[in-house]
Protein chains: 2
Amino acid sequence: MIDLKDAAQFLRVCETENLTRAALLSKVSPSTLSRTLTKLEKELNVKLCYRDQKGIVITKAGRLFERFAQDSLRNFALLQQSLAQEIAPLKGTLKIYCSVSASYIFIPRLLSELRLLHPELEISLETGDPANALDFLNHDGIDFVIAPKPKELNENIELVDLIAFPLAMIAPRNPAYPLNGLDYTNTLDNIPMVLPERGKLRTDIEDYFKTHKAKLNVLSQVAGHEAIVSMVALGFGLAIVPRIIVDLSPFKNDVIILDKKDLPDFDVALCHLKSRSGEPCIKAINDLAFNIAPSFAQDLRSRKLNNF
Amino acid sequence: MIDLKDAAQFLRVCETENLTRAALLSKVSPSTLSRTLTKLEKELNVKLCYRDQKGIVITKAGRLFERFAQDSLRNFALLQQSLAQEIAPLKGTLKIYCSVSASYIFIPRLLSELRLLHPELEISLETGDPANALDFLNHDGIDFVIAPKPKELNENIELVDLIAFPLAMIAPRNPAYPLNGLDYTNTLDNIPMVLPERGKLRTDIEDYFKTHKAKLNVLSQVAGHEAIVSMVALGFGLAIVPRIIVDLSPFKNDVIILDKKDLPDFDVALCHLKSRSGEPCIKAINDLAFNIAPSFAQDLRSRKLNNF
DNA sequence: TTATATATTGCGTATAATGCAATAAGCAAC
DNA sequence: GTTGCTTATTGCATTATACGCAATATATAA
């Protein structure tokens with residue numbers, strides 16, 4: 001019989017029409033997803049999609065199953081909502097750690113949903129440098145951290161993807177800051193950069209320069225993404241930051257966004273210790289985050305971020 | 001994530017409120033079903049039913065999940081119907097073997113559904129003694145048999161339950177046949193019985209007398225369930241037959257149905273060789289039977305049996 | 001008390017799922 | 001053509017899961 005997990009994977013295939021990407025989205029290997037497809041087809045006795053080395057094309061039967069999968073998963077989400085009200089409301093204190101940047105993007109919606117379901121639950125929010133946020137899970141009694149998604153997944157940590165922020169490269173708008181006459185629109189090499197002191201964004205930027213074989217000229221190092229925008233606005237150099245940080249900055253109009261299409265995304269996730277996955281509170285929060293994660297992307301698109 | 005197989009098992013639990021019986025219906029062991037319940041509860045993070053040595057009581061959350069399970073499985077059945085139309089219609093010849101009794105109960109609906117889906121498929125129907133019908137699968141080129149469900153499941157045979165016929169004990173109505181003055185309403189011992197020559201019904205009756213420690217007095221042996229009713233009507237003895245046979249018999253008004261509540265059911269199933277489960281045609285017919293099996297029970301209740 | 005019925009759990013086994021690495025095959029650029 | 005990139009699939013070894021049997025614990029009935 002059909003497993004909703006498999007149905008969800010098939011939906012990713014329908015969206016992307018690309019097995020490899022769908023596998024990434026589903027957090028399984030392409031081989032697993034390939035086998036899921038054959039399993040579904042054997043179970044349903046129908047060809048769901050034509051597949052060859054060119055890619056994937058969903059069949060008519062596949063579209064029928066897609067609808068079924070969508071309905072089922074929507075119903076399941078609704079069921080979870082209904083069931084949430086049957087759960088004994090959680091009590092105690094929930095400790096969340098996140099960066100200032102993240103806090104005002106995710107926390108409002110997360111907490112307002114949480115208050116509805118579990119009014120008794122006290123929430124303690126700590127903000128700080130996200131660079132080594134994951135360490136807090138082990139030592140500081142923190143239940144969850146909202147952190148940049150680490151490149152290689154830690155064995156002990158379970159996470160829910162919250163959002164993928166596009167990165168943007170920014171330069172000062174004021175023509176009075178010519179940055180020594182460098183033509184920074186065409187080359188990266190040796191451009192003076194304002195960089196975060198450390199953390200995931202820092203290494204992402206270093207990697208980006210490496211793949212472009214450009215020398216990274218670190219002009220100044222700053223703690224906190226927001227401050228970076230200010231520095232750039234004042235002509236201290238160029239920078240790469242999540243675009244959302246630019247949009248929300250009071251200096252937004254003092255920088256220009258350069259056209260760099262190959263910048264990676266800056267993925268943010270809600271993380272907790274895998275060893276605690278069984279605890280009702282951990283599971284409840286995790287499910288909640290999983291359910292509302294898609295709405296963050298919507299919020300991002302509509303620039304509706306903290307009007308709660 | 002939820003597997004529809006588990007959801008179906010939970011539905012059986014909701015129907016019976018009894019783990020052991022639900023396990024039987026689902027064809028799994030009670031231990032498996034028990035673990036399915038805990039798995040579902042862990043997955044959904046809710047208590048679905050209270051369970052102790054007295055039995056099972058479904059919770060409010062359980063009822064919510066029951067509705068979800070029903071919806072999902074209904075949608076799945078609808079999906080399968082839709083997909084069936086996408087399948088390349090089957091060709092060739094399908095050979096079915098069944099008893100005369102069974103043929104006019106199941107075959108009409110089965111074949112009319114089949115014709116709709118696969119007009120090209122030729123159907124060859126053979127009728128005969130169901131006693132050793134299963135042997136036909138091995139030797140006689142028969143694809144399916146409709147047969148009494150064997151007590152211990154054969155390793156090589158896969159089956160779909162079609163219906164459970166209640167058995168009924170019947171006696172002649174005509175007071176001119178006092179059967180030697182025996183008070184057969186209170187005791188079974190030594191009552192003159194009309195029995196089928198052999199087959200599942202025969203052994204079921206023998207078992208029934210054994211558990212009641214009553215001597216089985218075989219007055220006459222008859223081939224064919226229908227004829228048994230005639231014999232009883234004519235005063236040759238008492239008999240135990242599927243109640244449906246009585247209801248459909250032209251001698252229906254010449255026998256009376258005795259009040260025996262502990263008679264077992266007479267289960268009928270559609271069987272095929274497990275080794276052929278992978279063949280598209282076998283799978284299609286099997287799925288079709290699985291989907292329409294519940295309607296047989298409805299037909300039985302409403303006595304609507306062969307108006308097709 | 002004994003017998004029957006209930007659900008659960010320990011344990012060994014069988015089945016299935018998973019990811020890695022290798023493979024095959026199309027496509028594009030040179 | 002050839003090389004390099006991308007695509008999906010498959011062999012293989014590992015791990016996880018599912019399963020049923022048998023034993024257990026507990027309640028109900030005789």
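What you see is a predicted model; the values in this text were computed from it and never measured. Naming convention: chains lettered A, B, ... in sequence-line order (proteins, then strands); numbering from 1 in each chain.
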From [atom1] of [X] over to [atom2] of [N], roughly how many Å is that when rounded to an integer?
X	N	atom1	atom2	value
A:Q9	C:dA17	CD	P	11 Å
A:L19	D:dT10	CG	C1'	13 Å
B:R51	C:dA5	CZ	C1'	17 Å
A:Q53	D:dT9	CD	P	8 Å
A:D52	D:dT9	CG	P	9 Å
A:D3	C:dT18	CG	P	9 Å
A:E17	D:dT6	CD	C1'	16 Å
A:F10	D:dA8	CZ	P	14 Å

Counting only side-chain N and O atoms of [X], is one of them less than 4.0 Å from OP1 or OP2 of [N]?
X	N	value
A:N18	D:dT6	no
A:R35	C:dT18	no
A:T32	C:dT18	no
B:K5	D:dA18	no
B:K39	D:dT17	no

(request) Would you indicate whether A:K39, at its atom NZ, is surrounded by more than 12 heavy atoms from other residues, nucleotides or ligands within a distance under 6.0 Å? (result)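 Count over threshold, so yes.
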(request) Could you tell me whether B:F209 atom CZ has more than 12 heavy atoms of other residues or ligands within 6.0 Å of it? (result)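 Yes, enclosed.
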(message) Using a heavy-atom cut-off of 4.0 Å across all strands, would you classify B:L33 as base, sugar-phosphate, or nothing?
(response)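 Contact class for B:L33: none.
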(message) So B:T20, base contact, sugar-phosphate only, or nothing? Heavy-atom distance under 4.0 Å.
(response)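 Result for B:T20 = sugar-phosphate.
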(message) Please compare A:K54 and A:P30 by the position of their nearest nucleotide in DNA chain C and report the one closer to 5'.
(response)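 That would be A:P30.
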(request) Could you tell me whether the side chain of B:S31 has a donor or acceptor atom within less than 3.5 Å of a complementary atom in the base of D:dC21? (result)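 Per atom types, the contact qualifies.
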(request) Return the orientation label for the B:F76 and A:F68 ring planes: parallel under 30°, perpendicular over 60°, tilted otherwise. (result)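 Judged by the thresholds at 30° and 60°, the geometry between B:F76 and A:F68 is tilted.
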(message) Would you say that B:R63 contacts B:C14 through its side chain, given a criterion of any heavy-atom pair below 4.5 Å between the two side chains?
(response)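 A side-chain contact under 4.5 Å exists here.
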(request) Using atom types as modelled and distance alone, determine if a side-chain donor or acceptor of A:T59 lies under 3.5 Å from a backbone N or O of A:K47. (result)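 Such a contact is found between A:T59 side chain and A:K47 backbone.
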